[in-house]
K.L.:
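My questions all concern the structure below.
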Amino acid sequence: YHIQLTQYEFDALIMERFLSGHLNEDILKILKKGNRNRNRWKKAFLFNKNKASKYYNGWKNRAKEQLEVFFDNEYERNH
């Protein structure tokens, strides 16, 4: 696939790949469609994350940071 990304979109995906070990099927699907809807990406970054897990709040915070990088070119961690 040839998918054009900005540098900060690429960086957010690298963050996800590093933290999760892979890009999940939901992320790959919306990448192929060229979807840039922020709420859709939030769901994708949290896809397959167990809400009952003691780590879920951390995953939510990380997803927020990734969204800020992906959409806003904001790299400062302030959450």
Side-chain angles (χ1 to χ4, degrees):
Y1 301 102
H2 180 74
I3 301 168
Q4 292 197 331
L5 300 169
T6 64
Q7 182 63 52
Y8 42 93
E9 289 170 338
F10 178 79
D11 292 347
L13 293 171
I14 292 299
M15 290 166 62
E16 176 64 20
R17 171 67 175 84
F18 177 77
L19 294 167
S20 297
H22 66 286
L23 294 178
N24 69 54
E25 61 196 56
D26 204 32
I27 288 174
L28 296 175
K29 184 169 44 173
I30 61 176
L31 267 176
K32 291 174 192 173
K33 291 183 177 183
N35 186 323
R36 295 298 189 270
N37 177 281
R38 191 180 197 105
N39 286 329
R40 184 68 184 89
W41 275 94
K42 181 178 181 182
K43 289 178 186 176
F45 284 140
L46 290 172
F47 186 76
N48 282 342
K49 303 294 192 285
N50 181 353
K51 290 183 181 180
S53 169
K54 65 181 179 179
Y55 303 112
Y56 190 72
N57 283 336
W59 286 325
K60 280 185 5 185
N61 289 337
R62 176 51 69 186
K64 186 174 185 177
E65 297 291 341
Q66 288 171 268
L67 289 169
E68 289 175 354
V69 171
F70 192 93
F71 286 101
D72 306 326
N73 193 20
E74 174 62 52
Y75 289 84
E76 184 179 332
R77 286 201 71 190
N78 53 16
H79 304 285

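Since the model is a prediction, treat every value here as computed from it, not as a measurement. Just the heavy atoms: all of them, side chains too, but no hydrogens, waters or symmetry mates, feed the values below.
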K.L.:
Starting from F45, can I reach I3 by hopping between I/L/V/M/F/W/Y residues whose side chains sit under 4.5 Å apart?
P.N.:
yes
K.L.:
Indicate the atoms forming the closest heavy-atom contact of F70 with Y8, along with that distance.
P.N.:
O-CD1, 3.2 Å
K.L.:
About how many Å separate CD1 of I14 and CD of Q7, when rounded to the nearest 0.5 Å?
P.N.:
9.0 Å
K.L.:
With side-chain contact (heavy atoms from CB on, under 4.5 Å) as the test, would you mind laying out the steps for R38 and D72 before giving the verdict?
P.N.:
CA-CA 10 Å; R38 191 180 197 105; D72 306 326; 2.9 Å; yes
K.L.:
So which atom in A44 and which in I30 form the shortest heavy-atom distance, rounded to 0.1 Å?
P.N.:
CB-CD1, 3.7 Å
K.L.:
Can you tell me how the ring of W59 sits relative to the ring of Y56, calling it parallel under 30°, perpendicular over 60° and tilted otherwise?
P.N.:
perpendicular
K.L.:
Nearest heavy-atom pair of Q4 and R36: which atoms, and what distance?
P.N.:
O-NH2, 3.3 Å
K.L.:
How about CD on E74, more than 12 heavy atoms from neighbouring residues, nucleotides or ligands closer than 6.0 Å, or not?
P.N.:
yes
K.L.:
List the steps and the verdict of side-chain contact (heavy atoms from CB on, under 4.5 Å) for V69 and F10.
P.N.:
CA-CA 9 Å; V69 171; F10 178 79; over 6 Å; no
K.L.:
If every non-hydrogen atom of L5 is compared with every non-hydrogen atom of L13, which pair is closest and at what distance?
P.N.:
CD1-CD1, 3.7 Å
K.L.:
Under 4.5 Å between any side-chain heavy atoms of N37 and F71, yes or no?
P.N.:
no
K.L.:
Can a side-chain donor-acceptor contact be found between E65 and N61 if the only test is distance below 3.5 angstrom?
P.N.:
no
K.L.:
Please assess R40 against D26 for the test side-chain contact (heavy atoms from CB on, under 4.5 Å), listing each intermediate value before the final yes or no.
P.N.:
CA-CA 10 Å; R40 184 68 184 89; D26 204 32; 2.6 Å; yes
K.L.:
So, taking the atom named CG in L67 and the one named CH2 in W41, what distance separates them when rounded to the nearest 0.5 Å?
P.N.:
9.5 Å
K.L.:
Which heavy atom of E68 sits nearest to which heavy atom of E76, and what is that distance?
P.N.:
OE1-O, 4.5 Å
K.L.:
With a 4.5 Å cut-off on side-chain heavy-atom distances among I, L, V, M, F, W and Y, is there a chain of contacts connecting L46 to Y55?
P.N.:
yes
